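Quick notes on the structure that follows.
A quick note: this is a predicted structure, and the numbers were derived from the prediction, not measured. Every heavy atom of this structure was used, including side-chain atoms; hydrogens, water molecules and symmetry mates were not. In what follows, chains are A, B, ... by sequence order, proteins preceding strands, each numbered from 1.
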There are 2 protein chains.
Amino acid sequence: MKSLSIKDIALKANVSITTVSFIINGKAKEKSISEAVIKKVEKIIIESGYKPNQIARSLRTGNSNIIGLIVEDISNSFFSKVARLIEDKAYKKGYKIIYSSTENSVEKAKELINMFKSRKVDAYIISPVAGIEDDIKLLLNDNKPVILFDRNLPGVDTNYVGANHFTATYQSIESFIKEGKKNIALVTTDVSVQQIIERFDGYKQALTDFKLPYNENLVLKIPFGQAEEETISNIKELFKNNKIDAVLFATNYLAISGLKAVKQINKTIGKDLSVIAYDDHEAFELHTPLISAVQQPLEEIAETVIKLILNQLSSKTKLANQQVIIPAKLISRN
Amino acid sequence: MKSLSIKDIALKANVSITTVSFIINGKAKEKSISEAVIKKVEKIIIESGYKPNQIARSLRTGNSNIIGLIVEDISNSFFSKVARLIEDKAYKKGYKIIYSSTENSVEKAKELINMFKSRKVDAYIISPVAGIEDDIKLLLNDNKPVILFDRNLPGVDTNYVGANHFTATYQSIESFIKEGKKNIALVTTDVSVQQIIERFDGYKQALTDFKLPYNENLVLKIPFGQAEEETISNIKELFKNNKIDAVLFATNYLAISGLKAVKQINKTIGKDLSVIAYDDHEAFELHTPLISAVQQPLEEIAETVIKLILNQLSSKTKLANQQVIIPAKLISRN
DNA sequence: CTGAAAGCGCTTACAG
DNA sequence: CTGAAAGCGCTTACAG
C-alpha cells in the first residue's frame, strides 16, 4: 500500500500541487486561494487521511521540526526526567524530540551529532563530554542553535543552562561542617566534565574556607561505567577509614551504591555518618533514615532550555548567547 | 556554511555522482569501479569530512535505518532502562532509535505513530495503549515490522514480547498466602492495558485457587497520571482497613508512593504488612526492611525485541508473527 | 569500467 | 486566483 502523495490529492481535487501545498502550509489566504478551493482540498485531505511526507519536506526546506537531545545516559533518572519534561514542552510547541545517550564516550557523542546533523535537526540540546568542542563549533557555524545543559564546555561560546553545582556542593559541605563534622569524604566519578569538576571545587573550597585540611585519601573517584559491585567494594574500602564522619556523593547513582555499601558495614547513618547525595532520587525519600539531597530544579532547567531554543529558532538574527545558572537546593532531611 | 553534497565530491574527484554513490554504499566492487578511482574518491571523502544527507537518502530509498520506540513514559525507570538496552543493541547493528512517550494518551500515541510514519522509520517498537489498533494495522499493511512489548493488544496480529505478568502476579499472591496472609490488597492503575489486566487476573486467580474470597474493597485503582500526594492519600485511606496484612503494588511507582504512605501511618512492614512491588527499583534494595519485587528480565526483553526486528528487516518475505513470553521472577528479599 | 538521467515528494519563485 | 517548473541530495536502472 503506497501512501498518498501531494500529487494524488491534487489529482483528486483537480488543482495543481502548488495549490495543495499552499493550503497544507496555511498559506492559502496569503496566496489568495479561493474559499471554495480551500474547502474542497481540505475535505479531500481529511477524507483520504493524507499526511505530508516530512522527509521530502525536510529535504526541500532544510529543517525538520525536530530537536536533537543528547544526554549522558537516558537510564539515569536525572536525565530521563529532564528529557521527559523537555519532550512535553517541545511537543506543545510543535517540535518533536529525538534523544540518544553518549555514555560519556567521545566517539559516540560525535557519531550522534553527525547522525542528527544528517537528519537536519533544527536544534541541539547536549549534555556534552570533553572532546566534542570542534563538532559543536561546526554546528554553530551552521547557524544551528546549540544549548548545552547540565555541564558547560569551556572553550565553546554558546548557550548553557545548568545548576550552580559549585555553590550547592559548597553549601552541602558547609552544612556538614556546621554539624561539627571533621572528616568529610567525597565520592565522585573520574569523568572530567564541568559539573563534576565544579562539585569537586565546591568541596575543596568549603574545606579551605572553614579551615579544614584537604585530604586526598577522603576523595574517591569511581571509574564511569564500572560494575556496581566494584563500586560498592571501593566505597567499603574508603569507609575502612573510621574517621570519616560525613560523605557527599557527587551523583545519585553513586549515592545508591554508597548506601548499599554502608548497609554491609557497621556504620550507622545519622549517628556515625552524615550523608548528602547530589541529585535527588526516590530511594532517598524512602530510606531509613531519610537521606538529604541536592535537588536540581528539573522543571526550571527544562523550561529554560526550551525557551532559549524557541527564541533562537524564531529569531531571524543571531541572538546573544546566554549562560543561565539556576540555583540547586540542598534538601535537608535530617 | 553549506554542507558538502555528493556533487561536490564528484566534482573534486572528477568522476560522476553515480561513481561516488557506488563507492559510498560499498557497491564499488560489485559495479567494478577501478581501485584507483575508489582510493581517490575515498581520500577526498575523508579529507573533506563529507557525510551523505540521510534525508535525501531516505526520500529516495524509503527507509531510514531508524527504529521508532514508543513507550508509556520515558521517565519511568522500567522504560528508560529497556530503552537504553534497546538503543545499545540497535546501535551496534547500525540502527538508531528515536523514542517518545505516550503518557497513555490515545491521541498522543496516534500522533507519534504518524510522526514516525512520516519520517519513514523502518520499524516500530511500541508499548501500546488500547485504541490504536487501527493505526497499528495500517503500519502492518505497509509491511513495516511492529513489535509490541510490555503489553499486548488483543485483536492485533503482530509480534509481541513481554513478561508473563499473570504468572508472576499469581506467584506473588501465592507467596503471601503461604506466609499465612489472609487479606491481600492490590494497588494498581486504572488504565486498561493488557499487562495491568493480566496482573489483576493473576491476583484474582490466586485468591480463587487458594480459596480466599475476592474482596473488591481490597483493590485500589489509582488514576494514571494523578499527582503523587493524591495517590499517597488514597493508599493511606486503603490502609485504614486494619485487616490488610499484605499488599501487591502493580507498578514500581505505585509501590514507591505506597511505601511513603506506610511511613506516615502506624503499620510496620514485615510485621503487620508484607509488600511486593511489580517491577524492581533501586529504592527497594535500600529500603529498611528490604522490599521484595517482581523483576522483569530487561536485558532479555530488549534482546528479543531487537532480534525480532532485525530478523524481519533482513528478511525479504513476511515472517510469521511471534509471541514471546518471558518469565518474570519474584525476588524475595524477606 | 563509468556516466547521464529519472525520480523520491515536497516548496517556492516566477509567470500569467 | 492558480499552475508549470526547478531544485533539495540522493540511488539506481539503463546504456555504452
Side-chain angles (χ1 to χ4, degrees), chain A residues 1-42 45 48-66 114-115 117-120 122 142, chain B residues 1-42 45 48-66 114-115 117-120 122 142:
Chain A
M1 206 198 64
K2 273 294 275 95
S3 51
L4 294 167
S5 78
I6 194 169
K7 217 163 145 187
D8 300 314
I9 304 299
L11 221 58
K12 283 195 204 199
N14 225 344
V15 296
S16 74
I17 62 168
T18 308
T19 302
V20 177
S21 174
F22 286 155
I23 292 172
I24 291 169
N25 292 296
K27 296 191 179 164
K29 296 269 182 247
E30 174 188 331
K31 299 292 180 177
S32 32
I33 309 285
S34 69
E35 260 319 307
V37 170
I38 297 180
K39 284 268 171 296
K40 179 172 66 173
V41 172
E42 279 177 344
I45 289 177
S48 64
Y50 166 69
K51 300 270 184 272
N53 179 325
Q54 298 298 334
I55 299 271
R57 188 178 262 177
S58 287
L59 179 58
R60 183 51 225 246
T61 64
N63 55 40
S64 59
N65 281 311
I66 291 182
N114 278 329
M115 157 184 155
K117 206 190 319 192
S118 67
R119 304 270 164 211
K120 306 293 174 196
D122 292 350
D142 234 6
Chain B
M1 206 198 62
K2 274 291 275 94
S3 50
L4 293 168
S5 79
I6 194 171
K7 216 165 149 184
D8 299 314
I9 303 299
L11 221 60
K12 282 195 203 194
N14 226 342
V15 296
S16 74
I17 63 168
T18 307
T19 301
V20 177
S21 174
F22 286 154
I23 292 171
I24 290 169
N25 292 294
K27 298 191 177 164
K29 296 271 183 245
E30 175 188 334
K31 301 289 179 180
S32 32
I33 310 285
S34 69
E35 258 323 304
V37 171
I38 298 180
K39 283 268 171 297
K40 178 172 67 174
V41 173
E42 279 177 345
I45 289 176
S48 64
Y50 166 68
K51 299 271 184 272
N53 180 326
Q54 298 298 336
I55 299 274
R57 189 177 262 178
S58 287
L59 179 59
R60 181 53 225 245
T61 63
N63 55 41
S64 58
N65 280 312
I66 290 182
N114 278 328
M115 157 186 155
K117 205 189 323 192
S118 66
R119 303 272 164 212
K120 306 292 172 197
D122 292 349
D142 234 7

Options [options], nucleotide nearest the side-chain atoms of [X]:
{"X": "A/Ile33", "options": "D/dC8, C/dC10, D/dT2", "result": "D/dT2"}
{"X": "A/Tyr50", "options": "C/dC10, D/dT12, C/dA4", "result": "C/dC10"}
{"X": "B/Val37", "options": "C/dC10, C/dT2, D/dC10", "result": "C/dT2"}
{"X": "A/Ala56", "options": "C/dT2, D/dC10, C/dG9", "result": "C/dG9"}
{"X": "A/Thr18", "options": "D/dT11, D/dA5, C/dA4", "result": "D/dA5"}
{"X": "A/Thr61", "options": "D/dC10, D/dA13, C/dT11", "result": "C/dT11"}

Whole-Å distance separating the [atom1] atom of [X] from the [atom2] atom of [N]:
{"X": "B/Lys7", "N": "D/dC10", "atom1": "NZ", "atom2": "C1'", "result": "11 Å"}
{"X": "A/Ile45", "N": "C/dC10", "atom1": "CD1", "atom2": "P", "result": "10 Å"}
{"X": "B/Leu11", "N": "D/dG9", "atom1": "CG", "atom2": "P", "result": "14 Å"}
{"X": "A/Ile6", "N": "C/dC10", "atom1": "CD1", "atom2": "P", "result": "6 Å"}
{"X": "B/Ile55", "N": "C/dG7", "atom1": "CD1", "atom2": "P", "result": "23 Å"}
{"X": "B/Phe22", "N": "D/dC10", "atom1": "CZ", "atom2": "P", "result": "15 Å"}
{"X": "B/Glu30", "N": "D/dT11", "atom1": "CD", "atom2": "C1'", "result": "13 Å"}
{"X": "B/Asn65", "N": "D/dT11", "atom1": "CG", "atom2": "P", "result": "12 Å"}

Quick one: is [N] close enough that its OP1 or OP2 comes under 4.0 Å of any side-chain N or O from [X]?
{"X": "B/Ser16", "N": "C/dG3", "result": "yes"}
{"X": "A/Asn25", "N": "C/dT11", "result": "yes"}
{"X": "A/Ser34", "N": "D/dT2", "result": "yes"}
{"X": "A/Lys27", "N": "C/dT12", "result": "yes"}
{"X": "A/Arg60", "N": "C/dT12", "result": "no"}

Return yes if some donor-acceptor pair links the side-chain N/O of [X] with the main-chain N/O of [Y] below 3.5 Å, else return no.
{"X": "A/Asn63", "Y": "A/Asp122", "result": "no"}
{"X": "A/Thr61", "Y": "A/Arg57", "result": "yes"}
{"X": "B/Lys120", "Y": "A/Ile55", "result": "no"}
{"X": "B/Ser64", "Y": "B/Ser58", "result": "no"}
{"X": "A/Asn25", "Y": "A/Phe22", "result": "no"}
{"X": "B/Thr19", "Y": "B/Val15", "result": "no"}

- Hey, what do you get for NZ (B/Lys117) to CG (B/Asp142), rounding to the nearest 0.5 Å? 6.5 Å
- Query: What does B/Ser21 touch in the nucleic acid at a heavy-atom separation under 4.0 angstrom: a base, only the sugar-phosphate, or nothing?
  - Reply: base
- Item | Touch class at under 4.0 angstrom, heavy-atom based, for A/Ile17 against every strand present | base
- Message: So that I can compare with my own list, what are the stems of DNA chain C, taken as at least three consecutive Watson-Crick or G-U pairs with distances under 3.5 Å?
- Response: C:1-3 with D:14-16, C:5-12 with D:5-12, C:14-16 with D:1-3
- Which pair of non-hydrogen atoms, one from B/Ser118 and one from A/Pro52, has the smallest distance, and what is that distance? CB-O, 3.7 Å
